[in-house]
Number of protein chains: 2
Amino acid sequence: MILGVRHDDLRKRNRAMVIAAVRREGQPSRTDLVSRTGLSHSTISAISSDLIAEGVLRPVKSGENEVVRRGRPQVSLGLEPKAATVLTVVLLLNTLSATVFDYAGEIVAQKRERLSTLTASRDELVGAVTHMIEAVLQDAGRTPNDVMRMTMAVQGITDSDARAMLWTPITPESDIPFADILERRFGFPVTVQNDCNMIAVALRARDPERYRDNFVTLLLSNGIGMGLVLRGELFTGAYSSGGEFGHMIHRPGGALCRCGRHGCIEAYAGNYAILREAAGRSDQTVADADVDPQTMLELAQDARAADGPARAAFTRAGEAIGYGLGSLFALIDPAPVAIVGPGTLAFDMMEPSIREAIGQTAGGQHDAVISFDLEADEMPLILEGCARRALEAVDNELFAPGYIATMQAGA
Amino acid sequence: MILGVRHDDLRKRNRAMVIAAVRREGQPSRTDLVSRTGLSHSTISAISSDLIAEGVLRPVKSGENEVVRRGRPQVSLGLEPKAATVLTVVLLLNTLSATVFDYAGEIVAQKRERLSTLTASRDELVGAVTHMIEAVLQDAGRTPNDVMRMTMAVQGITDSDARAMLWTPITPESDIPFADILERRFGFPVTVQNDCNMIAVALRARDPERYRDNFVTLLLSNGIGMGLVLRGELFTGAYSSGGEFGHMIHRPGGALCRCGRHGCIEAYAGNYAILREAAGRSDQTVADADVDPQTMLELAQDARAADGPARAAFTRAGEAIGYGLGSLFALIDPAPVAIVGPGTLAFDMMEPSIREAIGQTAGGQHDAVISFDLEADEMPLILEGCARRALEAVDNELFAPGYIATMQAGA
DNA sequence: CCCTTTTTTTTCGAGCCTCGAAAAAAATAA
DNA sequence: TTATTTTTTTCGAGGCTCGAAAAAAAAGGG
């Protein structure tokens with residue numbers, strides 16, 4: 001059904017727009033909002049006084065870098081921290097963390113713990129998450145009733161409705177419906193998101209100049225994750241979180257991948273694959289479930305020092321990534337790439353062969369657009385992306401019900 | 001800038017919605033429109049009487065399959081044919097055609113001619129298009145002033161703004177800015193679109209049940225073209241028409257492609273590649289610019305008859321397509337595939353190895369969703385897609401100015 | 001043949017929403 | 001203290017959609 005636009009949708013959309021602008025801009029004045037949204041002074045005035053009355057926004061004291069000018073001074077509007085509480089949980093290999101944020105996006109409380117995800121049972125995983133949520137809420141002095149939304153990021157594949165973790169390299173368990181489980185347990189709405197997608201959300205928020213309409217984030221670790229933003233929207237598949245870059249085929253029938261198939265990009269460029277190759281093991285050897293970062297650092301040192309098996313392994317990895325990006329760019333046209341995660345520490349050993357390989361593909365055409373930004377620590381990005389995602393969902397669902405903004409797939 | 005919604009946008013959007021519903025449904029009554037759009041009777045009544053007064057819609061006599069019921073009979077609304085005239089031009093290898101459509105989408109006049117595109121100069125190509133437009137307009141009894149929009153489909157890559165043909169296999173010429181040239185010459189707005197994208201638009205219109213949110217169209221011919229619809233929107237790249245499936249890399253450093261690079265899918269699955277392989281030529285041989293359909297039919301016969309080089313060539317082609325689809329599905333999740341063009345005639349020789357290859361990839365998971373529909377003749381689909389695209393642009397720009405509907409990238 | 005029933009379509013007043021213009025507010029400059 | 005400048009609010013006008021009621025146009029029934 002092609003839905004018509006009702007009259008009251010108008011207010012909802014414009015309210016959502018105002019809230020979104022305040023979240024993006026920081027502390028804009030009403031006048032800033034007028035130029036930002038194109039709405040009239042009257043409308044902005046009406047909407048913002050409503051939002052202040054409802055406790056969503058609040059007038060804030062002008063900052064220090066205020067230019068002293070003639071005329072009535074602008075009153076900046078900020079998000080009211082007390083308006084809502086959101087929760088994020090990040091579940092990665094051997095690491096679990098939970099963070100409570102206020103509505104303005106400031107951290108209220110945070111907890112982090114080591115957890116042997118590879119050996120933990122299904123119930124232990126769920127139990128650990130549940131306990132951590134209870135603990136961090138207690139630290140924050142909040143109850144589950146205060147939480148308006150939770151976003152959970154996991155390594156691996158999630159479903160397109162953001163309800164479950166379908167498959168993950170961090171445990172042999174699969175199809176864990178975290179959203180259902182946690183919603184039943186705590187009562188607040190939960191979404192489950194892919195970690196790389198959250199990185200993309202965070203990068204877009206951090207540097208909108210650079211990461212706006214089209215860009216790629218690659219998470220180089222034991223596996224290869226991807227987050228993809230196309231036309232300003234986070235890309236997800238029809239059934240899953242999508243964007244399984246690491247499992248595009250680099251060489252049909254080639255090296256054995258962790259997923260059991262052969263020739264995936266990951267089977268050449270994942271940490272386990274680089275290690276396997278550098279150590280002279282057959283590329284049909286079963287993958288290590290985890291590779292110590294220290295080992296990878298030493299491997300990178302070896303590669304930098306001399307032209308031996310380590311350097312060859314990184315070159316081969318770069319080749320796989322490069323051809324993969326080339327094929328991706330053949331589909332979507334070249335775009336900026338952000339490289340995130342431990343793999344950045346050895347990226348200098350891969351970049352030449354990556355560029356070489358891209359040059360061999362149709363994606364090598366708009367060479368100038370292809371650039372690589374490095375960010376070693378993925379954790380802060382994942383956290384930021386989760387928080388943003390949760391807060392934007394609250395913005396829309398709660399304070400502008402009925403209107404669904406962009407970047408909200410599976411929210 | 002995040003644009004707020006102005007008050008008058010409301011009417012524009014709802015007008016656009018009504019027009020779109022009429023175009024999609026055929027001849028809906030006002031009551032149908034109410035349930036289709038979710039708007040109230042009053043609003044539909046107001047909008048449709050406006051549109052009738054403006055000569056965009058018209059009440060039509062009820063069709064034969066009208067159920068005789070008690071009560072005031074429904075009055076069907078149809079598009080007023082005289083409301084606008086649009087023009088489509090399709091430029092393929094050695095073929096040029098132009099068609100005039102009325103606003104209701106009926107063909108008013110059509111012309112088609114053989115043209116040696118491979119040997120024609122740039123000026124000759126442009127001249128041929130110009131002459132054909134003049135001729136078909138004369139046949140239709142229209143002048144350029146009557147034409148509200150023209151959509152041109154070309155084989156090859158177009159720019160993302162749909163203004164120019166960037167590269168094409170049908171002539172050595174490249175970067176021909178058809179939109180600028182023709183707009184200057186005739187005065188009506190022109191867009192230049194990729195042929196496979198128009199096929200996707202047409203399939204979506206023809207069978208919305210099957211081709212709705214996510215699907216792939218593959219045009220198998222001398223080259224391999226792709227049209228991709230994701231989340232209900234035609235996918236295009238950031239700089240070009242995108243979706244260069246044929247130039248994803250199947251085997252790094254492999255067979256020589258028409259594009260000069262090595263290992264592209266096309267270099268295994270294009271007609272020239274199949275012929276080259278079947279004939280026992282090296283896969284580093286330069287490609288034929290054109291392969292006679294008859295030759296391909298004979299090759300397919302050979303392949304069906306015995307397990308020789310012809311069968312091996314088709315198997316190899318299917319493998320390339322299969323692994324390519326597998327990689328694509330790793331990114332976007334599996335989706336229905338429509339196979340269009342001459343390649344369908346030998347598709348039975350490729351399907352087994354396509355399925356076999358997909359099964360080796362991450363895309364092979366949701367096996368059930370992957371289905372292949374065949375449509376040998378691409379020409380009617382391209383034409384239908386072009387017409388639809390042009391008409392929808394008229395719908396929106398002219399009768400609901402300011403509101404840009406979906407499926408309108410680069411319109 | 002006329003009146004009732006049923007269904008579709010139009011009309012009409014109410015309630016919102018945005019807009020532009022004018023007024024009010026709050027500061028600096030002289 | 002008064003004029004000037006800039007921001008913000010107020011207020012009336014115009015539009016849009018909605019629901020309810022009225023009008024229109026057919027079939028059914030006695």
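We use all heavy atoms of the structure for the numbers below, so side chains are in, but hydrogens, waters and symmetry mates are not. Reminder, nothing fancy here: chain letters follow the sequence lines and each chain counts from 1.
- Not counting sequence neighbours, the partners of B:T99 by the side-chain hydrogen bond (donor to acceptor under 3.5 Å, both in side chains) test are B:Q110.
- Here C:dT10 presents its C1' atom at 14 Å from CD1 of B:I47, a figure rounded to the nearest Å.
- For the side-chain hydrogen bond (donor to acceptor under 3.5 Å, both in side chains) test, no residue two or more places apart in sequence or in another chain qualifies with B:N145.
- Because its NZ or CZ atom is both nearer than 6.0 Å to the ring centre of B:Y103 and within 45° of the ring axis, B:R23 counts as a cation-pi partner of that residue.
- Phosphate contact (OP1/OP2 of D:dT17, side-chain N/O of B:N14, threshold under 4.0 Å): present.
- The side chain to side chain contact (heavy atoms under 4.5 Å, CB included) check on B:A140 picks up B:V100, B:V108, B:A109, B:R142, with sequence neighbours excluded.
- Per the geometry, CG belonging to B:L33 stands 17 Å off C1' belonging to D:dC18, to the nearest Å.
- Following rounding to the nearest Å, A:L39 (CG) and D:dT9 (C1') show an atom-to-atom distance of 16 Å.
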**OP:** Assign a letter to each nucleotide of nucleotides 20-29 of chain C from its 5' end: B, base within under 4.0 Å of a protein heavy atom; S, sugar-phosphate only; -, no contact.
**Re:** B----BBBBS
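- A close approach under 4.0 Å does not occur between any side-chain nitrogen or oxygen of A:S45 and OP1 or OP2 of D:dT8.
- To the nearest angstrom, P of D:dT6 lies 11 Å from CD of A:Q74.
- Distance, B:K12 NZ to D:dG15 C1': 13 Å, rounded to whole Å.
- The distance between atom CZ of B:R30 and atom P of C:dT11, rounded to the nearest whole Å, is 10 Å.
- To the nearest angstrom, P of C:dG15 lies 17 Å from CZ of A:R11.
- Judged as a side chain to side chain contact (heavy atoms under 4.5 Å, CB included), and not counting sequence neighbours, the contacts of B:T151 are B:T191, B:Q193, B:M198, B:C386, B:R389, B:A390.
- Annotation: side chain to side chain contact (heavy atoms under 4.5 Å, CB included) contacts of B:D50 (sequence neighbours excluded): B:R11, B:R15, B:E54.
- Looking only at side-chain heavy atoms (C-beta outward), A:V201 and A:Y211 stay at 4.5 Å or farther from each other.
- Between B:D32 atom CG and C:dT9 atom C1' there is a gap of 13 Å when expressed in whole angstrom units.
- Under 4.0 angstrom from either OP1 or OP2 of D:dT8 there lies at least one side-chain N or O belonging to A:T31.
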